[in-house]
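Structure first, commentary second.
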Amino acid sequence: MADEYKGMVREMCDKKLAPNLPYVKGLFLGWFEPLKEAIEAEQKLQRSKKQKSAFAPHIELLPADKMALIVMHKMMGLMMVGHEDGCVPVVQAAVQIGMAVEQEVRIHNFLEKTKSFQRKNAVGDAQESLSKEKEVLRKRINNLIRRKRLIQVQKLVRNEETKPWGRDTQAKLGSRLVELLIESAFVQPPVNQSPDTLPDVRPAFRHRFRTANNPGRKIMKRYGVIECDPLVLAGLDGSAKHMMIPYFPMLVPPKKWKGYDKGGHFFLPSFLMRTHGSRKQQDALKHVPGKNMQKVFEALDTLGNTKWRVNRRVLDVVESIWAGGGNIAGLVDRADIPIPEKPISEDLTEIQKWRWSMRKAKKINREMHSQRCDTELKLSVARKLKDEDGFYYPHNLDFRGRAYPMHPHLSHLSSDLSRGILEFAEGRPLGKSGLHWLKIHLANLYSGGVKKLSHEGRLAFVENHLDEIFDSAANPVHGKRWWLMAEDPFQCLAACINLSEALKSSSPYNVISHLPIHQDGSCNGLQHYAALGRNSLEAAAVNLVAGEKPADVYTEIAVRVHEIILKDSSKDPATNPNALLAKLLIDQVDRKLVKQTVMTSVYGVTYVGAREQIKRRLEEKGHITDDRLLFSAACYTAKVTMKALGELFQAARDIMSWLGDCAKVIASEDQPVRWTTPLGLPVVQPYFKSKRHLIRTSLQVLALQREGSSVEVRKQRTAFPPNFVHSLDGSHMMMTAVACRDADLRFAGVHDSFWTHACDVDLMNRILRDKFVELYRMPILENLLEDFQTSYPALTFPPLPERGNFDLQEVLKSPYFFN
């Protein structure tokens, strides 16, 4: 990459190509040489100084050109992801750049040692032709490097493990590199100027201090930010394709997990769990015997060994729509909305209304800018990988035991765009069963309403829309574009293409399918609570019991909410302030309005969270345009929805309350809540009061946050019920993954959505039901209480809540448990 930039700089100077380059890449080329020279000067200065700076040993570990590229691309990447106003906190920028340099040092050292290894084994004079034996040796070495046995080369060339640098070192080096970037990177507005006018050249980045808004506190917190010039920010939307994405999915299978920091990537730092700096969680993982964690390791290895590839036909459609301006199929509009002009009138009401609409428009544009950057990052990865025959996603865990791909941009855990672009690298013949499930999969993706139908109803839906499906596959951009009406349009398009190919084939069952077919839990959090509580009514409401068609808990709650609102609407507004709101909302209540709140209720959604969820749904409907009225309506609907939930799922509420009460007992003694998942994973809730750790850098004094010793009592209590249930759904997914591996199935899991080839769905369905029953045959709550009593013998815990007599074997016969 550095050689490429050097060559482009020379070509730019020789042929004056700068005006024809993409905007941000043109900026990079202008910054590259000055920043490289500044880093070289700093390296030389540190070598000559007797009293060296703290970062001195580490700034020498890479050539200046590589370091310059890392700084430029990392800074621009930070500006693109999650920073709508073009500012990045100095702490984040410094640590992230220091971390990126450390990772590149590992790669650099590895490659240098690999070259040395190859040279030692490349016997004979380079001028002579290689003998047959030498050619075989050379090929073996290359295979060791490029294939699954890369780990063997790594062991041969690595003499000793490099110790992690630590946050202090990363921050000090990163701060100095940021400072050098500020001093050497400039922008110039593209304005025609007379020869006599001095060019308007200004810094591309500035170091500023901001004051944090802390209501009710006398001392206002000041923190440093790196501010991006508006000219640079404006060029970011379409520039990810011209930027280096630091890390891609792996082209070879990941290392097998064998410990807390042993597995995943070959030479990048990889950790079994995202602990976010929690020392107690790290210690718990490091000290648990490896044999206790074997099932967890195997599950992560199974997920990481699933080979993916880019669906080129879908990617081509995405690129076409994106090039045309986006704004369809869930893609963000590439054009900003206009900012309202200031009214001529001096009327204060009009001025206030203009200010409000202006702020709203600017906020929307900032959000759209962030979404455009996110889309470009995803597409840039897809473009790089589209010609690869396959790639892999190493997985690790969050602290609750849920598995995630370690790659941050393009993965199957992401949006419909990412999922539509990705498919299994391995293809398998559809077979009769596979064709059946491919049709159901397409119906599921098209509409949540269709998914409420029986399997036969979904098959009929597909048969009734075959003309539209064929047209979508043949003319996705210029045809009828039926697929655009789907809830998951790009995944629906991928299914249309695969189904069209099969149905137009003379042998449909032999058509090869690469498409992952999803089987999703029915409000999975409530399914876990129903299994814990053994409540028959709740179990039936979330499809733990067989039925002619799927039970739909979201519709049931929506009906209850509608009944309450209808009752309130008939009351006298003089005595019931909610009567007018109820009349306004009678025709607004549907499944979609309450779905997110119902889904997240078991994961600890608060009233405020429910209000915001419902407010967004009401806003989408567009019937209530006044912001204050919209807020009041959302408040009222959230209260009614929470009430309806409590009535229908009382047993689940009792278990939630018991879990929260146990956590309160523990946290009140200034202890974190700890437990062990059914797969042997130790979990420590990471909610501690943080301590500030100050370090002096060349740019400013940085305040790094460190975990304190005192717990946050309220957070420990409120977070425990959802965290515990997440640890159970994570266990179910990992148990299913290992069993699918043993049955020679390809498997991918997205929490409560399990994926495999169409021909293997029937077998996966049997496995996931078996594993759910196996999980809940364990005395999970009894074991938890016993663990608490053993770990905290001086504390008294409340008795277990009463439970019903639901027979878990019913799950094995329920076709809509996952469907």
Side-chain angles (χ1 to χ4, degrees), residues 253 302-317 385-393 412 419-446 455-456 458-463 465-466 469-470 472-474 476 483 488 490-520 736-750 753-770 815 818-819:
T302 299
L303 296 168
N305 279 314
T306 296
K307 192 175 184 180
W308 299 84
R309 73 176 190 181
V310 170
N311 185 327
R312 294 191 192 182
R313 288 186 64 181
V314 174
L315 179 60
D316 288 344
V317 174
L385 294 172
K386 68 179 181 180
D387 295 323
E388 297 289 346
D389 64 351
F391 45 86
Y392 303 84
Y393 291 102
H412 56 286
R419 294 181 182 191
I421 288 173
L422 293 172
E423 61 183 7
F424 290 139
E426 177 189 344
R428 294 191 175 186
L430 278 172
K432 185 177 180 180
S433 169
L435 187 61
H436 167 90
W437 282 111
L438 176 57
K439 292 177 180 178
I440 291 176
H441 176 66
L442 195 158
N444 290 346
L445 293 168
Y446 196 79
H455 287 156
E456 290 71 22
R458 291 177 233 182
L459 291 170
F461 169 83
V462 170
E463 294 296 332
H465 289 89
L466 285 179
I469 290 168
F470 292 152
S472 295
W483 64 276
D488 297 297
F490 289 118
Q491 292 175 83
C492 179
L493 176 60
C496 288
I497 292 169
N498 197 185
L499 182 60
S500 177
E501 181 186 5
L503 295 180
K504 289 186 175 183
S505 168
S506 58
S507 181
Y509 299 159
N510 291 324
V511 167
I512 301 299
S513 175
H514 294 261
L515 208 65
I517 304 299
H518 310 175
Q519 294 290 278
D520 301 343
T736 302
V738 173
C740 284
R741 176 205 64 185
D742 294 342
D744 194 33
L745 272 62
R746 297 296 163 264
F747 179 86
V750 182
S753 182
F754 299 171
W755 304 5
T756 195
H757 285 94
C759 61
D760 295 326
V761 171
D762 282 330
L763 178 53
M764 184 183 74
N765 269 326
R766 288 199 295 274
I767 290 171
L768 70 87
R769 285 160 174 78
D770 286 340
F818 271 59
N819 74 102

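Each residue takes its place number in the sequence, starting with 1.
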Should Ser507 and Val511 count as side-chain neighbours, where that means a heavy-atom distance under 4.5 Å?
no
So which heavy atom on Ala737 is nearest to which on Leu303, and how close?
CB-CD2, 4.5 Å
Minimum heavy-atom separation for Ala743 and Ile767, please, with both atom names.
CB-CD1, 4.0 Å
Working to the nearest 0.5 angstrom, can you tell me the gap between Ile469 CD1 and Glu463 CD?
8.0 Å
Arg313 and Asp316: side-chain contact (heavy atoms from CB on, under 4.5 Å), yes or no, with the steps?
CA-CA 5 Å; Arg313 288 186 64 181; Asp316 288 344; 5.6 Å; no
Residues Arg458 and Asn819: side-chain donor-acceptor under 3.5 angstrom
yes
Interatomic distance, Ser753 atom OG to Gln519 atom CD [nearest 0.5 angstrom]
8.5 Å
Over all atoms of both residues, closest heavy-atom pair of Ser472 and Leu493
O-CD1, 3.6 Å
Check: Tyr509 and Leu430 side chains under 4.5 Å, non-hydrogen atoms:
no
Heavy-atom closest contact (Leu515 atom, Asn498 atom, distance):
CB-OD1, 3.7 Å
Run the numbers on Glu388 and Lys386 for salt bridge (Lys or Arg N to Asp or Glu O under 4.0 Å), then give the verdict.
CA-CA 6 Å; Glu388 297 289 346; Lys386 68 179 181 180; over 6 Å; no
Side chains of Phe470 and Leu503: does their closest heavy-atom pair fall under 4.5 Å?
yes
Using ring centroids (six-membered ring only for Trp), state whether His757 and Trp437 fall under 6.0 Å.
no
How long is the span from the OH atom in Tyr446 to the CZ atom in Phe461, to the nearest 0.5 Å?
5.5 Å
Cationic tip of Lys307 above Phe424 ring, under 6.0 Å, 45° of axis
no
Could you tell me the separation between the SG atom of Cys740 and the CG atom of Asp760, rounded to the nearest 0.5 Å?
8.5 Å
Taking side chain as C-beta onward, heavy atoms only, is Leu499 less than 4.5 Å from Leu435?
yes
Are Ile517 and Thr756 close enough that some pair of their side-chain heavy atoms sits under 4.5 Å apart?
no
Side-chain heavy atoms of Phe490 within contact of Ile421, under 4.5 Å
no
Between Asn311 and Val314 (side chain of the first, backbone of the second, donor and acceptor by atom type, cut-off under 3.5 Å), is there such a pair?
yes
Going by the angle between their ring planes, with limits at 30° and 60°, are Tyr393 and Trp308 parallel, tilted or perpendicular?
perpendicular
In plain terms, say whether Glu426 and Arg428 are close enough for a salt bridge, that is, a side-chain N and a carboxylate O under 4.0 Å apart.
yes
Give the intermediate values and the outcome of side-chain contact (heavy atoms from CB on, under 4.5 Å) for residues Leu442 and Cys492.
CA-CA 6 Å; Leu442 195 158; Cys492 179; 4.3 Å; yes
Scanning both residues in full, the closest heavy-atom pair of Pro516 with Leu422 reads CD-O, 4.5 Å
Closest non-hydrogen contact found for Ser433 with Cys759 is OG-O, 4.5 Å
Starting at CZ of Arg769, measure out to CE of Met764 and round the result to the nearest 0.5 Å.
9.0 Å
Below 30° counts as parallel, above 60° as perpendicular, anything between as tilted: where do the rings of His518 and His441 land?
perpendicular
When you compare the side chain of Thr736 with that of Phe754, does any pair of heavy atoms fall below 4.5 Å?
yes
Could you check Phe747 against Arg741 for side-chain contact (heavy atoms from CB on, under 4.5 Å), going step by step and ending with a plain yes or no?
CA-CA 7 Å; Phe747 179 86; Arg741 176 205 64 185; over 6 Å; no
Sub-3.5 Å donor-acceptor pair from the side chain of Arg746 to the main-chain atoms of Ala425, do we have one?
no
May I ask you to test the Asn765-Val761 pair for a side-chain heavy-atom distance under 4.5 Å?
yes
Give me the one residue out of His412, His514, Arg309, Arg312 that meets side-chain hydrogen bond (donor to acceptor under 3.5 Å, both in side chains) with Glu423.
Arg309
